[in-house]
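The structure appears below as structure tokens.
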Number of protein chains: 2
Amino acid sequence: MPTRDGASLQERIVALIHERGLAPESPMPTEVQLMELLGTSRNSVREAVRALQALGIVEIRHGHGTFVGHASLEALTPSFAFRVRSGAGGIRALNDLVEVRELLETGLIGQVAQSTSAPRLAALEALANGMDRDREADRAFHALLYDSCGNELVLQLIGLFWDVYHEVEPTLGPPEERTAEIAVNHRRIVAALRARDPEAAREAMRLHFRDVKARIARAEARPEPART
Amino acid sequence: MPTRDGASLQERIVALIHERGLAPESPMPTEVQLMELLGTSRNSVREAVRALQALGIVEIRHGHGTFVGHASLEALTPSFAFRVRSGAGGIRALNDLVEVRELLETGLIGQVAQSTSAPRLAALEALANGMDRDREADRAFHALLYDSCGNELVLQLIGLFWDVYHEVEPTLGPPEERTAEIAVNHRRIVAALRARDPEAAREAMRLHFRDVKARIARAEARPEPART
DNA sequence: CATCCACAGGACGTAGGACGTCCTTCGCTG
DNA sequence: CAGCGAAGGACGTCCTACGTCCTGTGGATG
């Protein structure tokens, strides 16, 4: 079977990766080799590869070569960020995004409460206390929370949503006393975990997201915050 | 401020969409216009636009023009499908994906149980009964379930995960009596909704996903199912 | 002999031009 | 007035040439 030409170039390149059983980080054929393999011009090859790069399926290193990617959700950040920035429906989309994170985190926090080790609790507490100074601590906190669940997709989704939210967060207006709220909420979560109380942890998580959504609602109430 | 050249072409095009306040479906500048606006060659413009198309940020219609896209998650299907097809970790990734769907659906089904109208229930039941004949009925069932939640992102995520799962489902081996199981599980869910019993609905949903995950586990146990 | 540097080569990045294909529109024709 | 064909706009593909980045090699140097 030579190659049905019905499939798009993109699909044929992906098929090629699977046929050869190439693992992430493996080198892909050269652009010139792909030209010959697929019987097209370098231009078409490059466009297809660029599309695959945008999806995280391949990784391009200038001067070095093209490699199979990890299809990490990180690559998809621009798509989600775009959706959330879209004028009118943007705030709505942002709220949807936070609600999904709430669903994931309140769903998982129960099992986390039953299985978190003492050293991990200490690390979580340290992060919760450092949030005033370092905003990244918030991201690390949520990542560490679900690190033990063994679900890579959840970790990446939560990280993705965090990134997208904080990318547009400045446009939501002044933070008010939010930074204080955040630390309090996170300390409450840690306390519930320390008590190994799943229901209390879930409730603490709900409170946290209630505050986040309240901030979004305040932003929605105010007039269009002026475009860049 | 003319345009800082530090940003990638992609980012500059996205910025241009936001600056002009272009809504989805609006026509984008022509490739030639973008060349002039961004001061690059048509080749570079096309590559950047192709990347944005892969992310669903723009939509290209041959012979007609380029338009602002909806950044629908549908465009991201190839990325998720790739991740799930990746040889060794593929089954693991598929399981992660189903678990995320479980988190979302069990988290939402409670509020659905309290708010689903009679006609909607009838429609759900019809779909549940039609699953033996039409596999799409399953997809429609889950979409209709959460349609009333007002969260577009959840709908798209569940649809995306459904698509990805069913794209690789054939490789999981023979379906056994699964089709029967599916209908039973879904009828149980409808019954719980009809009784307006959130906890029963959640439990029925858990059972459904228990079966799905069991199928994945059986596939993981068997040897590599031979590549295409 | 070990080290450092210049250079050649491979691979991706950008540019410009030419032609093909698809779609729409307008004007001509019957 | 209806139908059809030509023209033009916009994306698709191809080709060629040159620039930039990285690596490995080989010679000059201490």
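Bear in mind the structure is a predicted one, so any value in this text is a computation, not a measurement. Naming: A, B, ... by sequence-line order, numbering from 1 per chain.
- Considering only side-chain N and O atoms, B/Thr30 lies under 4.0 angstrom from the phosphate OP1 or OP2 of D/dA10.
- A/Leu34 places its CG atom 14 Å from the P atom of D/dC14, with the value rounded to the nearest Å.
- For A/Arg42 and C/dG13, a side-chain-to-base donor-acceptor distance below 3.5 Å is present, hydrogens and geometry of angles not being considered.
- In this entry the distance linking CZ of A/Phe67 with P of C/dC12 reads 8 Å, nearest Å.
- Contact annotation for A/His62: base contact, defined as any heavy-atom pair under 4.0 Å involving a base atom.
- For B/Asn43 against C/dG13, no side-chain N or O and base N or O form a donor-acceptor pair under 3.5 Å.
- Among the nucleotides D/dC11, C/dA15, C/dC12, the one closest to any side-chain atom of A/Thr66 is C/dC12.
- Distances shorter than 4.0 Å separate none of the side-chain N or O atoms of B/Ser44 from OP1 or OP2 on C/dG13.
- For D/dG12, one of the phosphate oxygens OP1 or OP2 lies less than 4.0 angstrom from a side-chain nitrogen or oxygen of B/Arg46.
- Using bins of under 30°, 30° to 60° and over 60° for the plane-to-plane angle, the ring pair B/His208/B/His142 lands in the parallel bin.
- Rounding to whole angstrom units, NE2 of residue B/His64 and P of D/dC11 are separated by 10 Å.
- For the pair B/Ile60 CD1 and D/dG9 P, the computed distance is 21 Å after rounding to whole Å.
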